[in-house]
Amino acid sequence: MKAAVIHGPGSVKYDTVDDPKLQANDDIILKVTSTAICGSDLHIYSGGLPQPRPMVLGHEFMGIVEETGSAVTHLKRGDRVVVPFPIACGNCFFCNHDVPGNCEHSNPEHYGPEGGILTEKGGALFGYTDLYGGYDGGQAQYVRVPYANYGPRVVPDSLTDEQLLFLTDIFPTGYTGVDWGEVKGGETVAIFGSGPVGLMAAKSAWLRGAAQVIVVDTLQYRLDKAKATTGCTTILWEDGAKDVVEQIRALTQGRGADVCIDAVGFEPERNLGDRIKATINFEKGSIKVLEACMSAVRRSGIVSVLGVYPVNYDNFPLGQFFDKGIILKGGQAPAHKHIDKLLEYVVQGKVQLDDIITHRLPLSEISHAYDIFKKREDGCVKVVLDPWQ
């Protein structure tokens, strides 16, 4: 089959690889009909997350069931499904507590309670390095889906792939940031980053009854997309975090936002000073966006961290965290927990997901797709790929 394979930082190629095969009796083989590039994929592409051997990328995909293992009970050949991005067994302590990203069984070689930088990681993820299970992903014509009795959801034929595809990751992830923020109605939610996850967080904030949604970004075209697709208030980050924080406080009677969501992570836009600071501190990337969230949130407010942070940082603002009484939540989104409810929102027409798509490309143009997504060229916000072109 054809697939998008990472060969090292900056090198994703359209390769011919072996077809996947059933390896356990609760596996399925999925014929992928649509897949997408996620901002998290860029961390592998940039080298921020190491992957020493070639691997098929991609954790946002859906398709048609091609083959089922003997123990698969609720799926059959021909079913059309979306697949949550964490690989989870559905039976362990953490799966039973609705945190499938911590599954005890899906990542046996690298799992552990410590959560170290290169050891004792969480549960497995599709196409997301050997540290997270080493499973080939779905930027391909076919993919093996383990634990198929727990993950895949059958979807209605009345809706298109593009209407449903983002139920795999970015919609549940954006929704999780708002859910962690305990939004019940009437709050101000400030979202840092207007990439795909940030846009889904903004849509989710409105679904949960937020009174005001503010989206911050360093690029005006992305803010324009946020305004058009979510109806939010936008702030352009151009003169530093202090100016952004002051603008958010001005919109909230001086208190700050009730909830701040970091939808950027450790690889934000950085200047030379940021890079020198990281080098001196032996740190990868920057926590400048998280620091801005900690300043912009009100006292006793909640900061939700959806962006990836793979290493430790000595300059974490612990004093500010304590003095303001901030609640901090983060980690892999529990997509399995929310996907059924979010599917109903889509079916009922309460939310539109496909309006964030800016590029539709064949999988054969995968190198170009990663390049424009990484460089934010050609107005790129979200790329959807056809594996059969």
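All values below were derived from every heavy atom in this structure, side-chain atoms included, with hydrogens, water molecules and symmetry-related copies excluded.
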Asker: Give the C-alpha distance, both sets of side-chain angles, the deciding distance and a yes or no for side-chain contact (heavy atoms from CB on, under 4.5 Å) between T188 and I214.
Answerer: CA-CA 8 Å; T188 292; I214 303 165; 3.8 Å; yes

Asker: Indicate the atoms forming the closest heavy-atom contact of C380 with Y221, along with that distance.
Answerer: O-OH, 2.6 Å

Asker: Between E344 (side chain) and V346 (backbone), is there a donor-acceptor pair under 3.5 Å?
Answerer: no

Asker: So, for A36 and F166, which heavy atoms are closest and what is the spacing to 0.1 Å?
Answerer: CB-CE2, 4.3 Å

Asker: Using a 3.5 Å distance criterion without hydrogens, assess whether the side chain of R376 forms a donor-acceptor pair with backbone atoms of K374.
Answerer: no

Asker: How long is the span from the OG1 atom in T160 to the CG atom in L165, to the nearest 0.5 Å?
Answerer: 9.5 Å

Asker: Of all heavy-atom pairs between I28 and A148, which one has the smallest distance, and what is that distance?
Answerer: CG2-CB, 3.5 Å

Asker: Run D378 and H359 through side-chain contact (heavy atoms from CB on, under 4.5 Å) and show every step you take.
Answerer: CA-CA 9 Å; D378 194 28; H359 292 72; 2.9 Å; yes

Asker: Among side-chain atoms of H336 and D98, is any donor-acceptor pair under 3.5 angstrom?
Answerer: no

Asker: Centroid separation under 6.0 Å, is that true for the rings of H43 and F266?
Answerer: yes

Asker: Any donor and acceptor pair, going by atom type alone, linking the side chain of N96 with main-chain N or O of C92 inside 3.5 Å?
Answerer: yes

Asker: On a heavy-atom basis, which atom in P172 and which in L342 lie closest, and how many Å separate them?
Answerer: CA-CD1, 3.5 Å

Asker: Answer yes if the side chains of E109 and N107 hold a donor-acceptor pair under 3.5 Å, and no otherwise.
Answerer: no

Asker: Does any part of the side chain of K341, heavy atoms only, come nearer than 4.5 Å to the side chain of H338, both counted from C-beta?
Answerer: yes

Asker: May I ask you to say whether R299 pairs ionically with D323, meaning some side-chain N is under 4.0 Å from a carboxylate O?
Answerer: yes

Asker: Check whether any side-chain heavy atom of L131 lies under 4.5 Å from a side-chain heavy atom of T119, and answer yes or no.
Answerer: no

Asker: Is any NZ, NE, NH1 or NH2 atom of the basic residue among D15 and K2 found under 4.0 Å from an Asp or Glu carboxylate oxygen of the other?
Answerer: no

Asker: How many angstroms lie between atom CZ of F85 and atom OG1 of T168, to the nearest 0.5 angstrom?
Answerer: 9.0 Å

Asker: To the nearest 0.5 Å, what is the distance between NZ (K225) and CG (L199)?
Answerer: 8.5 Å

Asker: Could you give me the CA-CA distance, side-chain angles and deciding distance for D224 and K227, then say whether salt bridge (Lys or Arg N to Asp or Glu O under 4.0 Å) is met?
Answerer: CA-CA 5 Å; D224 292 342; K227 182 78 170 178; over 6 Å; no

Asker: With no hydrogens and no angle check, is any side-chain donor or acceptor of W206 less than 3.5 Å from a backbone partner on T230?
Answerer: yes

Asker: Side chains of S46 and I44, heavy atoms from C-beta outward: is any pair under 4.5 Å?
Answerer: no

Asker: Does the side chain of I235 reach to within under 4.5 Å of the side chain of F192, using non-hydrogen atoms?
Answerer: no

Asker: Ignoring hydrogens and angles, tell me if any N or O in the side chain of D27 forms a donor-acceptor pair with the backbone of A24 under 3.5 Å.
Answerer: yes

Asker: Determine, for E60 against K382, whether the closest basic-nitrogen to carboxylate-oxygen distance falls under 4.0 angstrom.
Answerer: yes

Asker: Going by atom types only, do Q139 and D41 share a side-chain donor-acceptor pair under 3.5 Å?
Answerer: yes

Asker: Only one of Q141, E66, R80 passes side chain to side chain contact (heavy atoms under 4.5 Å, CB included) with K31; say which it is.
Answerer: E66

Asker: Check whether any side-chain N or O of Q247 sits under 3.5 Å from a backbone N or O of V245 as a donor-acceptor pair, and report yes or no.
Answerer: no

Asker: Considering only heavy atoms from C-beta outward, does the side chain of Y309 approach that of V289 to under 4.5 Å?
Answerer: yes

Asker: How are the rings of Y370 and Y45 set relative to one another: parallel (under 30°), tilted (30 to 60°) or perpendicular (over 60°)?
Answerer: tilted

Asker: Check this for me, if you would: do K329 and E182 make a salt bridge, where the nitrogen-to-carboxylate-oxygen distance has to be below 4.0 angstrom?
Answerer: yes

Asker: On the ring face of F171, is K203 found with NZ or CZ under 6.0 Å from the centre and within 45° of the axis?
Answerer: no

Asker: So do the side chains of I302 and D258 get within less than 4.5 Å of each other, counting heavy atoms only?
Answerer: no

Asker: Check whether any side-chain N or O of D262 sits under 3.5 Å from a backbone N or O of L306 as a donor-acceptor pair, and report yes or no.
Answerer: no

Asker: Could you check whether the rings of H59 and Y128 sit parallel, tilted or perpendicular, using 30° and 60° as the cut-offs?
Answerer: perpendicular

Asker: Using a strict 4.0 Å threshold on nitrogen-to-oxygen distance, state whether D179 and R208 make a salt bridge.
Answerer: yes

Asker: Tell me yes or no: between the side chains of S295 and Q320, is some donor less than 3.5 Å from an acceptor?
Answerer: yes

Asker: Is the shortest side-chain N to carboxylate O distance from R77 to E67 below 4.0 Å?
Answerer: no

Asker: Which atom pair, heavy atoms only, marks the closest approach of S194 to L223?
Answerer: OG-N, 3.8 Å

Asker: Can any side-chain N or O of K121 pair as donor or acceptor with the backbone N or O of E114 at less than 3.5 Å?
Answerer: no

Asker: Tell me the closest heavy-atom pair linking G174 and S204, and the distance in Å.
Answerer: C-OG, 3.9 Å

Asker: Do P86 and Q332 come close enough that some side-chain heavy atom pair is under 4.5 Å?
Answerer: no

Asker: So how far is it from D354 CG to Q352 CD, rounded to the nearest 0.5 Å?
Answerer: 5.0 Å

Asker: Would you please test H110 and D130 for side chain to side chain donor-acceptor pair (under 3.5 Å) and show each step?
Answerer: CA-CA 8 Å; H110 295 285; D130 290 334; over 6 Å; no

Asker: Can you check whether D386's main-chain N or O pairs, donor with acceptor, with Q389's side chain at less than 3.5 Å?
Answerer: no

Asker: Have a look at I261 and tell me which of V215, V189, V305, T176 forms a side chain to side chain contact (heavy atoms under 4.5 Å, CB included) with it.
Answerer: V189

Asker: May I ask you to say whether E162 pairs ionically with R360, meaning some side-chain N is under 4.0 Å from a carboxylate O?
Answerer: yes

Asker: Can we say R144 and D136 salt-bridge, meaning some charged N sits less than 4.0 Å from an Asp/Glu carboxylate O?
Answerer: no

Asker: For V5 and K13, what are the C-alpha separation, side-chain angles and deciding distance, and is it a side-chain contact (heavy atoms from CB on, under 4.5 Å)?
Answerer: CA-CA 5 Å; V5 178; K13 297 180 180 179; 5.5 Å; no

Asker: Please check: side-chain N/O of N25 versus main-chain N/O of G69, any donor-acceptor pairing under 3.5 Å?
Answerer: no

Asker: Run the side chain to side chain donor-acceptor pair (under 3.5 Å) test on T229 and D355 for me, step by step, so that the C-alpha distance in whole Å, both residues' side-chain angles and the decisive distance to 0.1 Å come before the verdict.
Answerer: CA-CA 7 Å; T229 57; D355 57 352; 4.9 Å; no

Asker: Centre-to-centre under 6.0 Å for Y132 and F126, is that the case here?
Answerer: no

Asker: CD1 of I6 to CZ of R53: how many Å apart, nearest 0.5 Å?
Answerer: 12.0 Å

Asker: Applying side chain to side chain contact (heavy atoms under 4.5 Å, CB included) between V65 and each of V72, L30, V154, report the one that passes.
Answerer: L30

Asker: Measuring centre to centre across the rings, with the benzene-like ring taken for any Trp, is Y142 within less than 6.0 Å of W388?
Answerer: yes

Asker: Distance only, no hydrogens: is a donor on one side chain within 3.5 Å (strictly under) of an acceptor on the other, for D161 and T33?
Answerer: yes

Asker: Give the cluster check for M1 versus F61: same hydrophobic cluster or not, with ILVMFWY residues linked at side-chain heavy-atom distances below 4.5 Å.
Answerer: no

Asker: Rounded to the nearest 0.5 Å, what separation is found between the CD1 atom of I87 and the OH atom of Y135?
Answerer: 5.5 Å

